[in-house]
Every structure is written in structure tokens, then in C-alpha cells.
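Everything quoted here is computed from the prediction, not taken from an experiment. Labels below follow one simple rule: chain letters A, B, ... track the order of the sequence lines, proteins then strands, and each chain is numbered from 1.
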2 protein chains.
Amino acid sequence: MTQPPSLSVTRRIRSTPWSSRIEASGVLSYTVYNHMLLPTQIRGVEADYLHLRDAVQIWDVACERQVELLGPDADRLAQLLTVRDLRTMEIGRCGYAPVVDADGRMLNDPVVLHVDTDRWWFSVADSDLVLWAGGIALGMGLDVAVDEPNVSPLAVQGPKSQDVMARVFGDDVRTIRFFRFSVLPFEGHPLVVARSGWSAQGGFEIYVDDDTVAGRLYDAIMAAGEPEGIGPGCPNLIERIEAGLLTYGSDITRDDTALEAGLDRYCALDEPIEAIGLDALRRQRDAGVGRRIRGLTIDGPPVAPVRTFWPLHATGGAVGRVTSATWSPRLGTNVAIGMVDTAVTTAGTRLTIDVDGESRQAEVCDLPFPGSSQR
Amino acid sequence: MTQPPSLSVTRRIRSTPWSSRIEASGVLSYTVYNHMLLPTQIRGVEADYLHLRDAVQIWDVACERQVELLGPDADRLAQLLTVRDLRTMEIGRCGYAPVVDADGRMLNDPVVLHVDTDRWWFSVADSDLVLWAGGIALGMGLDVAVDEPNVSPLAVQGPKSQDVMARVFGDDVRTIRFFRFSVLPFEGHPLVVARSGWSAQGGFEIYVDDDTVAGRLYDAIMAAGEPEGIGPGCPNLIERIEAGLLTYGSDITRDDTALEAGLDRYCALDEPIEAIGLDALRRQRDAGVGRRIRGLTIDGPPVAPVRTFWPLHATGGAVGRVTSATWSPRLGTNVAIGMVDTAVTTAGTRLTIDVDGESRQAEVCDLPFPGSSQR
């Protein structure tokens with residue numbers, strides 16, 4: 001292609017409360033996530049990366065839709081849906097919570113919020129978890145409403161995010177601990193404000209449940225952040241690979257179990273909880289996990305984005321594949337995430353990689369990459 | 001925007017067996033459908049429309065993924081999933097089959113194929129029906145495997161499609177009736193070939209279950225169709241609105257019941273079948289359906305695509321909204337699809353429409369538009 005194809009935006013590809021502002025700022029590219037627009041480049045991937053690590057950005061992540069469980073059986077259904085132990089997750093807490101099928105295979109990797117008594121939000125990655133949760137509830141005859149309320153997260157990310165947020169929501173935001181939320185007013189409208197976000201640069205996510213408030217909130221944050229050089233941003237390919245943040249659909253799919261995805265610490269394998277897929281994961285642990293997600297570096301000049309995957313080889317044959325990769329200007333090498341056989345997971349293992357027909361050398365390493373987090 | 005944002009293609013936005021060919025042909029724009037690439041313009045919407053109605057096109061509709069039900073309870077689950085009566089759907093038949101939730105609200109509008117004994121394919125619109133079906137099966141403890149096999153439909157559409165298909169698959173294709181399929185060999189590989197497709201110009205859909213066969217099949221059809229001027233195409237905005245083909249996510253969403261969507265003839269309201277949502281639809285029929293999908297024309301010059309929806313007003317106030325619209329070069333007017341209150345469904349009713357802030361006149365009409373079908 002001489003020029004990348006444009007994206008046709010119709011009602012089916014849902015616009016967000018902030019799409020008009022994002023487009024006025026000159027967004028370069030979009031992706032589609034949960035049937036909704038998600039910007040991927042504002043100024044260019046590398047310029048966005050430098051700005052995110054240096055200053056503060058406002059992100060339209062409305063596509064992180066909420067699946068709400070509400071009613072007497074909400075606690076039971078929430079626990080059925082994730083292999084993470086939710087018994088200690090009090091109201092006001094958030095947690096990364098893998099959702100798997102009966103075979104332990106990944107269906108989604110949401111952040112769960114215990115919003116209130118008998119009320120949970122699963123802030124979902126890119127699959128219709130509302131249909132899985134609703135199907136389970138209907139099939140089991142549970143007394144719980146499963147819905148997707150119109151709640152659009154707006155993220156403020158970057159090392160200077162706290163000062164900006166404090167100007168808008170008051171100093172209360174400084175006391176919110178990591179993966180906790182408070183309910184704070186904006187113009188008298190109460191909003192869930194969490195210290196979280198899909199970067200390792202620190203920041204907040206505001207769960208905006210009113211489209212008329214949404215625009216004014218965006219403008220207020222932009223005005224408050226002017227001294228810090230705030231600007232629009234979005235989840236950044238370089239930053240998230242360096243930080244080892246996995247993308248459902250790219251790095252993890254339904255072909256992978258939660259253990260293969262390296263999410264062991266979120267799997268309550270030894271707890272007496274009732275969760276779909278937990279038995280399958282216990283069996284896999286006992287039998288041995290054959291492959292793992294790892295970091296990799298790829299030698300040579302900058303690579304193009306991964307469209308399918310790039311096969312990895314050792315002397316003995318095929319040993320895995322790379323699912324995400326990009327050039328890191330900070331580390332001066334290509335950084336990547338891939339799934340490799342357990343025989344070759346040791347950091348420093350050299351492998352051969354087929355980059356869209358071109359043979360290169362790669363090296364296994366730990367995730368995250370050095371210096372990725374400023375949180 | 002001076003230039004429409006491009007689409008970032010990563011592994012999560014799945015490429016198809018034909019993406020490299022489509023891109024070599026110079027595709028102008030894509031959409032994302034079932035987490036997969038779907039071309040929206042090859043030469044431009046109007047040029048594509050004229051070519052489709054005049055000649056024959058090959059369409060990469062791999063994004064019409066199959067949800068496969070396989071096993072002893074497959075028949076029962078298939079009927080639970082759709083309000084259409086499947087009792088008369090023998091092996092070898094296809095059928096449009098609305099899928100609704102317990103409230104009768106639309107979750108998907110697939111074409112169902114009765115592939116074999118205890119085996120069904122739901123060829124799905126843009127939502128993860130595999131999760132709904134899997135959740136129901138697990139929750140109810142049904143003995144059925146629910147999966148998304150790697151089956152990619154390739155469509156051949158247009159008035160000259162039959163002659164082209166006969167050159168590739170033999171004269172057997174001529175005997176396939178509308179919404180029936182046969183299993184025909186290509187290079188010795190058996191393939192499901194149906195007389196169906198998302199246009200009103202006639203044609204076929206080939207369900208390709210082998211990626212190594214896929215490329216050779218595409219090339220064979222392109223070579224066979226040279227005398228008819230075959231070229232790549234895709235579901236066309238003008239053609240599908242004229243034909244009254246509804247898009248799930250644009251014209252129908254989970255906010256709409258199957259009756260509001262005008263799908264009465266696919267709802268077995270008076271049959272003794274066990275289907276999710278059928279009772280809710282019966283109650284709505286008895287209480288009265290308050291709104292309906294209708295066709296509309298919009299006066300004035302060509303409109304831009306609908307991004308959210310355009311409100312419709314009558315003298316008394318708000319009466320509905322337009323969800324899809326485009327300029328029809330053949331009819332010399334803007335053609336549209338919308339949802340209107342039952343008080344204003346009569347063809348010829350004049351309404352006012354707010355087209356992104358500009359007030360225009362619209363007129364209710366029947367679907368499909370005149371002369372849309374050459375099938």
C-alpha cells in the first residue's frame with residue numbers, strides 16, 4: 001500500500017463523548033475496541049511516547065466499557081467469572097481479574113471494580129464479556145442484572161498527572177492509593193476516580209457516567225494541565241510493550257490459558273472458590289505449563305507492527321512466536337512480547353525470528369523492560 | 001479533519017486469508033467487524049456500487065465468522081438461541097435467524113446453516129455470539145461444544161456471478177436454490193457453497209475452512225471471471241440501504257427488539273418452541289409495538305455517513321431517528337433507514353430531520369427501495 005487504508009466510521013463503530021475533541025486535535029490513527037473508537041496515534045507513536053513519559057496526557061478510553069453485575073447474585077456471578085479470589089476485594093478496590101472459559105482459556109482480562117454492595121463493574125478488554133456473563137446468568141437462573149451502562153473512562157496519565165487532577169478534583173485525589181477508587185464530585189456530579197490506567201507512568205481513570213458532564217470535564221482537565229504541557233494521548237505501543245502490559249487479542253487470545261499468559265498470581269489455584277475454569281488451570285499446573293509469555297529483543301533496524309505473528313525458532317525447530325513488537329527509542333532496540341516454549345524461557349536465550357519473511361536474531365528477556373515504570 | 005484517520009492494524013484486528021490480495025488491489029478503506037478486517041471501499045462507494053450492479057465482484061467477508069454448535073444438544077441450543085422456528089430447517093438449508101436476549105432485544109442477526117446432524121453454524125454479525133452461546137451452554141450444563149472454527153466466507157456477488165461460479169465449481173452451482181447450500185469440491189477439497197450473500201444482486205458464499213486453499217480459490221475465481229469484468233468488492237453502503245439490508249450495530253442494536261426491527265416473519269410467536277426471548281416478544285406483540293424500522297428519503301444534496309444517529313421530528317415532537325443514510329445515484333436522492341414511532345410509519349409521511357445540526361425534510365417509505373433487487 002502507498003497509503004494506509006482509512007477507517008470508515010459508522011454508527012456501528014461507536015464514537016465516544018470525546019471523539020469530536022480528539023479529531024479536532026488531529027488524531028492520526030484509530031483502532032476499534034469493543035465496537036468503539038480508540039485513538040492509537042495523536043502526534044505519532046514516538047512523539048506520543050516521549051510526551052507521555054515526560055508530562056501528562058488525557059486519554060479517551062471510553063472503549064473500556066463496563067459490564068455491570070447488579071443484584072442479589074452479583075457477588076456469586078462476579079466470582080464465577082474470574083479465577084482471581086474476590087473475597088478480599090472490598091468496596092472501593094479495583095483488581096486485574098482474568099476471565100477464562102471452562103478449559104482455562106482467556107476470554108478477557110478486565111479490571112474489576114467493586115462499586116457497591118451487590119454491584120460490580122468489569123472494565124473490559126476487547127471482547128463482548130457482557131454476552132458471556134449474561135449467558136451464564138441466564139443459563140444458571142441467577143438473580144442478577146447484567147448490562148453495559150453508558151460509563152466512559154477518561155484517563156489522565158503521566159508523571160505530572162496527580163497535580164493536574166488535584167486542581168480539578170481537590171487534594172482528595174492524592175490520598176487515593178494504587179488500584180483503589182474514591183467517589184469525587186465534578187460540578188456537583190459524583191464520579192468514580194481510580195488510581196489506575198494502561199501505562200506505567202502513573203495516573204488516574206475517571207469513570208464518566210453522564211455524556212453532558214463528559215465534555216466539560218475534558219475541557220476542565222485540559223485547562224488545569226496547561227502548565228504541565230497536557231495534551232491528548234492514548235495507550236502507546238512503545239510504552240505498553242516496555243511495561244509488559246499485555247493486549248487481549250494480540251498477546252493473549254482464547255488459544256492461551258491464564259497460566260500460559262503468565263497470570264499465575266491472579267489465579268487462586270489453592271483457594272476454595274467457585275470460579276469457571278479454575279479446575280482446568282489446577283490440572284494444567286499439575287501437568288506442567290508448556291509455554292509462557294516472555295519479553296524479547298529483536299536485533300537490527302526498527303520493525304513494522306506485527307499483523308499476524310512472527311514465528312520463533314531454536315536449533316531444534318519452532319519454539320514460539322512474537323505477538324507485539326516495536327522500536328524503543330529509549331533502549332535503542334526492538335522490544336517485543338511473545339509466547340515461547342518453557343524450554344527457552346531463560347533470559348538471554350538466543351532465538352531466530354521470521355519477521356514477515358526476513359530472518360533476524362532475537363533474545364529472550366524479562367518483562368517489564370528496564371526503566372519502563374515511573375509509577 | 002483534513003484527512004480521515006487511518007486504521008492501525010495489529011494482530012487484534014485480525015487479517016484474513018485474502019488481506020494481502022485486497023491491499024495489493026488498493027483498498028481505500030476498511031472497517032472492523034468481529035475483530036477482523038472488512039473492506040468498505042475498493043474504488044469508491046459509488047464506483048463499487050455501479051460495478052456490483054453491472055458485473056460481478058469477489059468479496060472478502062471472512063469477518064462473517066461461524067459460531068459452531070456440535071454435539072448431542074446442538075439442536076436444542078440452536079433453537080434456544082433463535083426465535084426463528086428451526087424445526088423445518090433441514091440439513092443443507094440456511095436461514096436468517098434473529099438472536100435476542102430474555103427481553104426480546106437483539107444480540108445478533110446471523111444466517112444459520114444446518115451443516116450436518118448435530119452440527120449448526122451461526123454465521124454472525126458483529127458481536128461475540130460465541131460467548132453468549134457458550135455461556136448459555138455452560139450455565140445450563142448442555143452437552144454441546146461451542147466454538148469459532150477458522151471458516152472464512154468468500155462471496156461472489158452480482159448479476160453475472162453464476163456463470164463465473166459454474167466455471168470454478170461446475171454446473172452443479174446452478175441447481176443450488178436461494179438460501180440452500182451444497183458441498184462442492186475445489187481442487188479435491190470439499191467446501192460449503194451457498195446461494196446467499198449480503199446484496200440483492202444475486203450470488204454465492206463459499207465457506208472456506210482451509211487457509212491454504214483460500215488463496216488459490218480467490219485466484220481461480222478472479223481468473224474465471226475475467227470475461228465478466230470481475231474485481232474485488234465489498235458490502236456496499238448504497239446497495240445495502242436500497243435493498244433494506246439492516247446492519248447490526250447501526251440500524252439494530254440491543255436497544256431494539258426483533259419486532260421493532262421489523263423481523264416479525266422470523267419470529268415464531270405462535271409455535272410451541274423453546275427459544276430465549278420468545279415470551280417477551282409475545283408480550284410485546286400483545287401490548288403493541290411502539291416503533292418500527294422504515295425506509296426514508298432525505299431531501300437536498302448528498303449527506304455524509306451517519307456517525308451516531310439523526311433525530312426525526314413531526315409537529316408533535318421527536319418521533320424517531322435515522323441510523324444509516326447515503327446518496328443514491330440511481331434514485332437521485334438520499335436513501336436512509338431509521339426507527340420511527342408507529343404513528344408515523346405510513347409511506348409518504350413527511351418529517352423533519354436533524355442532519356448533524358442541519359435541518360432537512362425527510363419522507364417515510366417502504367423497504368426495499370424500488371429497483372434495488374436484481375436477484
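- With hydrogens and angles ignored, the 3.5 Å screen pairs a side-chain donor or acceptor of A:R12 with a backbone N or O of B:V32.
- At least one side-chain heavy atom of A:S127 sits under 4.5 Å from a side-chain heavy atom of B:L131.
- Between A:G134 and B:W132, the shortest heavy-atom distance links the atoms C-CZ3, 3.6 Å.
- For the options B:T10, B:D101, B:L107, B:I13, heavy-atom pairs under 4.5 Å to chain A are most numerous at B:T10.
- Of the two parts of A:S19, only the side chain, counted from C-beta on, holds a non-hydrogen atom closer than 4.5 Å to a non-hydrogen atom of chain B.
- If you measure heavy-atom distances from B:Y33 to chain A, the contacts under 4.5 Å come from both the backbone and the side chain.
- Counting heavy-atom pairs closer than 4.5 Å to chain A, the top-ranked of the candidates B:E148, B:R254, B:M140 is B:M140.
- Closest of all the heavy-atom pairs between B:T31 and A:S8 is OG1-O, 4.0 Å.
- Side-chain N or O atoms of B:D128 include one that pairs as donor or acceptor with a backbone N or O of A:D128 at under 3.5 Å.
- In this structure, chain B has no heavy atom under 4.5 Å from any part of A:S324.
- Within the 4.5 Å cutoff, the side chain of B:S6 has heavy atoms near those of the A:S29 side chain.
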Review point. Would B:T247 and A:R11 count as a side chain to side chain donor-acceptor pair (under 3.5 Å) if you check the C-alpha gap in whole Å, the side-chain angles of each, and the deciding distance to 0.1 Å?
Key: CA-CA 10 Å; B:T247 295; A:R11 190 186 183 208; over 6 Å; no
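- Using a 4.5 Å heavy-atom cut-off against chain B, no residue of residues 234-242 of chain A qualifies as contacting.
- Within the 4.5 angstrom heavy-atom criterion, only side-chain atoms of B:L37, from C-beta onward, approach chain A.
- Interface check for chain A: of the options B:D251, B:V306, B:V130, the most heavy-atom pairs under 4.5 Å are formed by B:V306.
- If you tally non-hydrogen atom pairs under 4.5 Å between each of B:L80, B:I276, B:L28, B:D126 and chain A, the highest count goes to B:D126.
- Of the listed residues (A:R321, A:Q41, A:R14), the greatest number of heavy-atom pairs within a distance under 4.5 Å of chain B belongs to A:R321.
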